Amino acid sequence: MVNSRLKKLAGFGVIWALLVVSVGAYTRLADAGLGCPDWPGCYGFLTVPEDLAKISTAETRFPDAPVEIEKAWWEMGHRYIAGFLLLIVFTMLVMTWRNAKERTPTKMVSALMALILCQAAFGAWTVTLKLWPQVVTAHLLGGFATLSLIWLIYLRQGGLPRLVSDLPAPTLHANIALVAVVLQIMLGGWVSSNYAALACYDFPSCDGSYTPAIDLAQGFNLLQAVGPSYLGGLMDSEARAAIHWVHRIGAIFVLLIVGSLVYRLLSTKPLMAYLMGGMLLLQICLGILNVVWVLPLLNATAHNTVGALLLLCLVTVNFAPRLRFVRIATPLPK
């Protein structure tokens, strides 16, 4: 009974974590990451100041950060739903510790709790360090890691048995594909946090050239100074072009590596092959459209969300065969 409740809660947690990742992406892309210049409140209030008196007080407290109500609500909305995810994970932790003898994944849920607390810290530093790219990228990766771990807990409790049953043992090819996707996500986060998504205005070339003028040293300088504010970015055009161009080259490698893994899975696990292949092609298309359509917010957010779903496919292939599954429902007929 406990396992069944944990499975349902973990399944809901997967959906909610995906929502947190997507809303976080929209908030970042809409330049609302500093919609509230403080943390955890907003201009010293628990909610966004909207009436004239509160707005006047807010702008007195933070004279360099005029109130933009819409952006502030996106920022606070992201914090609220992230806080609710923390409550979901805490509930899961209590359930597993109280029923540790019933094969509950105590260590996995404890690790998830630690990870989400780290995410809360990175969320605070994102604001207090004024969108420093290193912190913003780490916060993005932490969100994807949180989603992946809660997904594995859901699978371990018996979720989606048709998807994970008879998965072949993970191969070196699958390991490399996972690493390639994680590195590409890191690059994507670096593109976004350095405002380099439109550093190349055309496709497939970059500013009309296949050998664009780029500055790799500055573009991938991880020791850049903090502040005073990174909103809008501080790099020059050649540094941003370097980040953007490397991300495009990375996409080619991901297409080849993951695409060949999809081909290999067709003979052993076609359902997973179709899902992974579909996410891969959709992700490539969304990335191209980001450039062609000049980074529309919904398309760019979808690019982030589909990247998370593609990661879940690779995480499933690499880790689900190693899980000790808890069978709750009756076995599927042969």
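Quick caveat, the model's predicted, so the values are computed rather than measured. The analysis underlying the following values was restricted to heavy atoms, covering all of them including side chains, and did not include hydrogens, waters or symmetry mates.
Scored by the ring-ring contact (aromatic ring centres under 6.0 Å, His included) test, Trp74 finds Tyr26 as partners (sequence neighbours excluded). In this view, Phe253 satisfies the ring-ring contact (aromatic ring centres under 6.0 Å, His included) rule with no residue, not counting sequence neighbours.
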Tell me which donor-acceptor pairs under 3.5 Å the side chains of residues 292-299 have, and how far apart each pair is, sequence neighbours excluded?
{"from": "Asn299", "atom 1": "ND2", "to": "Leu286", "atom 2": "O", "distance (Å)": "3.1"}
{"from": "Asn299", "atom 1": "ND2", "to": "Asn290", "atom 2": "OD1", "distance (Å)": "2.7"}

Show which side-chain atoms of residues 172-179 pair as donor or acceptor with protein atoms under 3.5 Å away, not counting sequence neighbours.
{"from": "His173", "atom 1": "ND1", "to": "Arg264", "atom 2": "NH1", "distance (Å)": "3.1"}
{"from": "His173", "atom 1": "NE2", "to": "Ile257", "atom 2": "O", "distance (Å)": "3.0"}
{"from": "His173", "atom 1": "NE2", "to": "Ser260", "atom 2": "OG", "distance (Å)": "2.9"}
{"from": "Asn175", "atom 1": "ND2", "to": "Thr171", "atom 2": "O", "distance (Å)": "3.4"}
{"from": "Asn175", "atom 1": "ND2", "to": "Asn318", "atom 2": "OD1", "distance (Å)": "2.6"}

Can you list, pair by pair, the side-chain donor-acceptor contacts under 3.5 Å of residues 142-155, counting residues two or more places apart and other chains?
{"from": "Thr146", "atom 1": "OG1", "to": "Gly142", "atom 2": "O", "distance (Å)": "2.8"}
{"from": "Ser148", "atom 1": "OG", "to": "Phe144", "atom 2": "O", "distance (Å)": "2.9"}
{"from": "Trp151", "atom 1": "NE1", "to": "Thr316", "atom 2": "OG1", "distance (Å)": "2.7"}

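With a 6.0 Å radius and a threshold of 12 heavy atoms from other residues, nucleotides or ligands, Phe90 has its CZ atom at or below the threshold. Heavy-atom contacts from other residues, nucleotides or ligands closer than 6.0 Å to CD1 of Ile249 number more than 12. Atom CE of Met186 is surrounded by 12 or fewer heavy atoms from other residues, nucleotides or ligands within 6.0 Å.
In the hydrophobic clustering of ILVMFWY residues, with side-chain heavy atoms under 4.5 Å counting as a link, Leu129 and Tyr230 come out apart. Cluster membership for Leu231 and Ile69, using ILVMFWY side-chain heavy atoms within less than 4.5 angstrom, is not shared. A continuous path of hydrophobic side-chain contacts links Leu160 to Met276 [ILVMFWY only; heavy atoms under 4.5 Å]. Grouping the Ile, Leu, Val, Met, Phe, Trp and Tyr side chains by contacts below 4.5 angstrom, directly or via other members, places Val127 apart from Met76. A single hydrophobic cluster is seen to contain both Leu289 and Leu255, as judged by linkage of ILVMFWY side chains at heavy-atom distances under 4.5 Å, directly or through other members.
Counting all heavy atoms, side chain and backbone alike, Pro105 lies closest to Arg156 at CD-NH1, 3.5 Å. Minimum interatomic distance between Leu140 and Gly189 (heavy atoms only, all atoms of both residues): CD2-CA, 3.3 Å. Scanning both residues, Tyr210 and Pro204, for their nearest heavy atoms gives OH-CG, 3.3 Å. Of all heavy-atom pairs spanning Trp190 and Gln224, the tightest one is CH2-OE1, 3.3 Å. Heavy atoms only, all atoms of each residue included: Ala58 and Pro49 are closest at CB-CG, 4.0 Å. Minimum interatomic distance between Ile88 and Gly13 (heavy atoms only, all atoms of both residues): CG2-CA, 4.2 Å.
Note: Thr126 OG1 to Gln134 CD = 11.5 Å, rounded to the nearest 0.5 Å. In this structure, the separation between OH on Tyr195 and CG on Leu29 is 9.5 Å, given to the nearest 0.5 Å. How far CD1 of Ile214 is from OG of Ser237: 12.0 Å, rounded to the nearest 0.5 Å. If you take CG on Leu87 and CH2 on Trp16, they are separated by 10.5 Å, rounding to the nearest 0.5 Å. Atom CG of Leu19 is separated from atom CZ of Phe84 by 10.5 Å, given to the nearest 0.5 angstrom. With rounding to the nearest 0.5 Å, the separation of CD1 in Ile243 from CZ in Phe220 is 5.5 Å.
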Open item on the list: For Thr47 and Tyr80: C-alpha separation, side-chain torsions, deciding distance, then whether side-chain contact (heavy atoms from CB on, under 4.5 Å) applies.
Closed with: CA-CA 10 Å; Thr47 60; Tyr80 293 150; 3.5 Å; yes
- [ ] Evaluate salt bridge (charged side-chain N to carboxylate O under 4.0 Å, His left out) for Lys71 paired with Glu75, printing each intermediate quantity in order.
- [x] CA-CA 6 Å; Lys71 290 185 177 182; Glu75 172 63 14; over 6 Å; no
Open item on the list: Show, in sequence, the C-alpha distance, side-chain angles and deciding distance for Leu131 and Ser229, and conclude whether the side-chain contact (heavy atoms from CB on, under 4.5 Å) test is met.
Closed with: CA-CA 7 Å; Leu131 303 181; Ser229 173; 5.8 Å; no
- [ ] Take Leu86 and Met113 through the test side-chain contact (heavy atoms from CB on, under 4.5 Å) and record every step on the way to the result.
- [x] CA-CA 8 Å; Leu86 176 61; Met113 189 69 197; 3.4 Å; yes
TODO: Please step through side-chain contact (heavy atoms from CB on, under 4.5 Å) for the pair Leu163 and Lys269, ending with a clear verdict.
DONE: CA-CA 9 Å; Leu163 182 65; Lys269 191 64 178 178; 5.5 Å; no
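Sorted by first then second residue, the disulfide bond (SG atoms under 2.5 Å apart) pairs that include residues 159-204, not counting sequence neighbours, are Cys200-Cys206. Pairs engaging residues 13-83 under the disulfide bond (SG atoms under 2.5 Å apart) rule: Cys36-Cys42 [sequence neighbours left out]. The salt bridge (charged side-chain N to carboxylate O under 4.0 Å, His left out) contacts involving residues 33-61 comprise nothing, where partners must be two or more places apart or lie in separate chains. Listed by first and then second residue, the disulfide bond (SG atoms under 2.5 Å apart) pairs that reach into residues 292-321 come to none, sequence neighbours excluded. Identified under the salt bridge (charged side-chain N to carboxylate O under 4.0 Å, His left out) test for residues 231-240, with sequence neighbours left out: none. Residue pairs that meet the disulfide bond (SG atoms under 2.5 Å apart) test with at least one member in residues 220-291, sequence neighbours left out, do not exist here.
Inter-residue side-chain proximity for Leu309 and Leu18 is flagged as met; some heavy-atom pair is nearer than 4.5 Å. Using a 4.5 Å cut-off on side-chain heavy atoms (C-beta onward), Trp245 and Pro212 make contact. Looking at heavy atoms from C-beta onward, Leu265 lies in side-chain contact with Pro168 at the 4.5 angstrom threshold. Leu216 is listed as a side-chain neighbour of Val246, based on a closest heavy-atom distance under 4.5 Å. Side-chain contact between Leu266 and Tyr274 is present, with heavy atoms from C-beta onward closer than 4.5 Å. For the pair Asp202/Val291, no side-chain contact is recorded, criterion being any heavy-atom separation below 4.5 Å from C-beta on.
Using a distance-only test at 3.5 Å, with no hydrogens or angles considered, a donor-acceptor pair links the side chain of Tyr43 to the main chain of Pro66. A distance-only check finds a donor-acceptor pair linking the side chain of Gln283 to the backbone of His303 [under 3.5 Å]. A distance-only check finds a donor-acceptor pair linking the side chain of Arg79 to the backbone of Pro40 [under 3.5 Å]. Looking at Asp207, its side chain does come within 3.5 Å of a backbone N or O of Tyr201 through a donor-acceptor pair.
Between the side chains of Thr137 and Ser193, at least one donor-acceptor pair of N or O atoms lies under 3.5 Å.
Just one residue in the list Thr27, Thr305, Thr301 forms a side chain to side chain donor-acceptor pair (under 3.5 Å) with Ser22, and that residue is Thr305.
Between His78 and His139, the two ring planes are perpendicular [angle over 60°; tilted spans 30° to 60°].
Counting Ile, Leu, Val, Met, Phe, Trp and Tyr side chains that sit under 4.5 Å apart, directly or through other members, Leu223 stands alone, with no cluster partners.
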